[in-house]
2 protein chains.
Amino acid sequence: MSAKIRLYVEHPLGAGQTVPLDRDQAHYLFGVMRQAVGGHISLFNGRDGEWRAEIAEANKRTGVLLCQEQSRPLMLPPDLWLLFAPIKKTRTDFIVEKAAEMGAARIMPVQTEFTNSDRIRQDRLQAHAVEAAEQCGGTYVPEVDELQKLARVLDHWPEDRQLMFCDEGEVGAALALATEEQAKAPWAILIGPEGGFSEGERKRLHALPQSHVVSLGPRILRADTAAVAALTVWQQRYGDWQ
Amino acid sequence: MSAKIRLYVEHPLGAGQTVPLDRDQAHYLFGVMRQAVGGHISLFNGRDGEWRAEIAEANKRTGVLLCQEQSRPLMLPPDLWLLFAPIKKTRTDFIVEKAAEMGAARIMPVQTEFTNSDRIRQDRLQAHAVEAAEQCGGTYVPEVDELQKLARVLDHWPEDRQLMFCDEGEVGAALALATEEQAKAPWAILIGPEGGFSEGERKRLHALPQSHVVSLGPRILRADTAAVAALTVWQQRYGDWQ
């Protein structure tokens with residue numbers, strides 16, 4: 001059985017394995033959550049599934065957990081990247097949280113011609129992905145990349161990776177046209193910036209052999225809404241919601 | 001052509017119609033957005049479509065707009081209600097915003113057995129729905145109801161309205177089982193509280209002849225994520241995204 005409190009650690013997990021806590025984790029578990037020696041929590045590290053662990057030592061700034069048994073096997077998400085243009089802080093945080101919850105394997109902030117922000121706090125966004133995984137019962141944490149230019153990402157686009165590209169104003173579900181082989185390939189979803197793509201970017205995206213244009217309905221969605229909607233469309237059709 | 005600034009008003013709109021502004025609207029247009037006499041904005045009232053209007057008078061606390069021509073016809077959303085259990089303030093605001101963007105016709109906060117909050121600020125939530133409609137290019141604003149008990153809503157459930165009910169832990173897309181007649185009927189989506197439904201509520205919901213259980217994948221989604229995902233599933237299958 002999974003314990004109520006779930007904690008992501010980097011340490012290997014296995015039967016009888018001890019796991020030392022760092023200062024932040026000890027503060028969270030013993031200070032905030034009021035846990036003490038003998039209490040149980042769930043641990044996952046993105047590789048070894050979820051483990052039920054007992055608190056063996058609890059100090060102000062450190063602690064030790066003892067892994068007892070695996071409570072859930074590792075569940076990897078589909079091989080899906082989410083590319084998006086960072087927007088206002090809260091909404092960018094939100095997109096990362098939602099991507100982790102919805103089962104993206106990798107989160108790639110990209111700078112487009114109409115993207116305002118030219119920097120992100122990768123460490124803060126990664127922490128949001130960890131928190132979302134702790135919250136949603138996942139056993140995997142998607143990696144958040146540093147900000148890259150969309151043009152450069154497209155220059156090195158992997159030959160077999162399909163790209164679901166959400167273009168405002170496009171109507172019709174071209175996604176249905178993916179072949180059986182494409183459906184099984186690795187995928188990525190690209191969400192445009194709130195100002196839309198530039199003409200040059202749209203041309204390039206439409207010309208990419210791997211790209212599949214998809215419509216998200218007749219209203220204009222904010223980028224954070226579009227991210228969840230696009231992840232839903234993809235997960236239902238090709239992902240692990242089937 | 002729609003102007004960049006979109007404003008929701010309650011006043012009737014039509015060719016040659018003058019529209020007086022209240023204090024908040026005048027402050028927003030002339031103070032915040034720096035508009036002046038002769039400028040153009042878009043107006044909608046949820047009934048008459050979107051109108052291009054010229055600023056005829058601009059004062060500190062009042063103003064008058066003159067409707068020129070209709071820039072978009074009225075687009076009503078499908079007859080879809082979104083029922084959800086209010087959660088923390090930010091996430092409740094978010095659900096209302098997303099429901100308006102995604103095209104719900106009516107937003108109904110409901111109190112379930114495991115819902116913590118026993119009050120909402122209906123006026124504030126309604127203002128969020130207006131803002132979302134202004135933002136997403138919609139010509140309709142969904143009404144936000146006062147908080148009601150779920151049990152009472154179910155007591156008076158309309159006979160012809162189908163209910164898509166997102167039950168954590170249910171796997172499989174029972175939504176596919178809706179008959180053609182049901183598909184065309186009015187619908188509602190119910191998103192549970194983060195603590196889940198009580199056993200009694202689940203039994204009652206499963207027993208409701210109009211209910212259709214749907215799974216939102218193998219991870220546990222937060223209520224705000226689940227709202228967008230469920231709206232996507234429904235809009236794609238039965239709504240105006242087809």
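These numbers were taken from a predicted model, which means no experiment stands behind them. In the text below, chain A, chain B and the rest are named by the order of the sequence lines, each starting its count at 1.
Counted within 6.0 Å of CD on B:E143, heavy atoms from surrounding residues, nucleotides or ligands total 12 or fewer; the atom is thus considered open. Within a 6.0 Å sphere centred on CD of A:E54, other residues, nucleotides and ligands contribute more than 12 heavy atoms. Within a 6.0 Å sphere centred on NE2 of A:H27, heavy atoms belonging to other residues, nucleotides or ligands number 12 at most.
Taken from CZ in A:R222 to CE in B:M102, the straight-line distance is 14.0 Å, to the nearest 0.5 Å. Rounding to the nearest 0.5 angstrom, the gap separating the OG1 atom in B:T232 from the CG atom in A:L231 is 9.5 Å.
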How far apart are the C-alpha atoms of A:V228 and B:T225, what are their side-chain angles, what is the distance that settles it, and do they pass the side-chain contact (heavy atoms from CB on, under 4.5 Å) test?
CA-CA 7 Å; A:V228 180; B:T225 320; 4.1 Å; yes

Report the C-alpha distance between A:E101 and B:R219 in whole Å, list the side-chain angles of each, state the deciding distance to 0.1 Å, and finish with yes or no for salt bridge (Lys or Arg N to Asp or Glu O under 4.0 Å).
CA-CA 7 Å; A:E101 270 181 64; B:R219 282 159 294 268; over 6 Å; no

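B:W241 has its side chain out of reach of A:S215: every pair of non-hydrogen atoms, C-beta onward, lies at least 4.5 Å apart. No side-chain heavy atom of A:L221 sits under 4.5 Å from any side-chain heavy atom of B:K98.
Among A:G239, A:A132, A:A230, A:G103, the residue with the largest count of heavy-atom pairs under 4.5 Å with chain B is A:G103. Interface remark: of the candidates A:P77, A:G137, A:P218, A:P218 forms the most heavy-atom pairs closer than 4.5 Å to chain B.
Proximity to chain A is absent for every atom of B:A227, based on heavy atoms less than 4.5 angstrom apart. Heavy atoms closer than 4.5 Å to chain B are found nowhere in A:A226, neither backbone nor side chain. In this structure, the portion of B:M75 lying under 4.5 Å from any heavy atom of chain A is its side chain and not its backbone.
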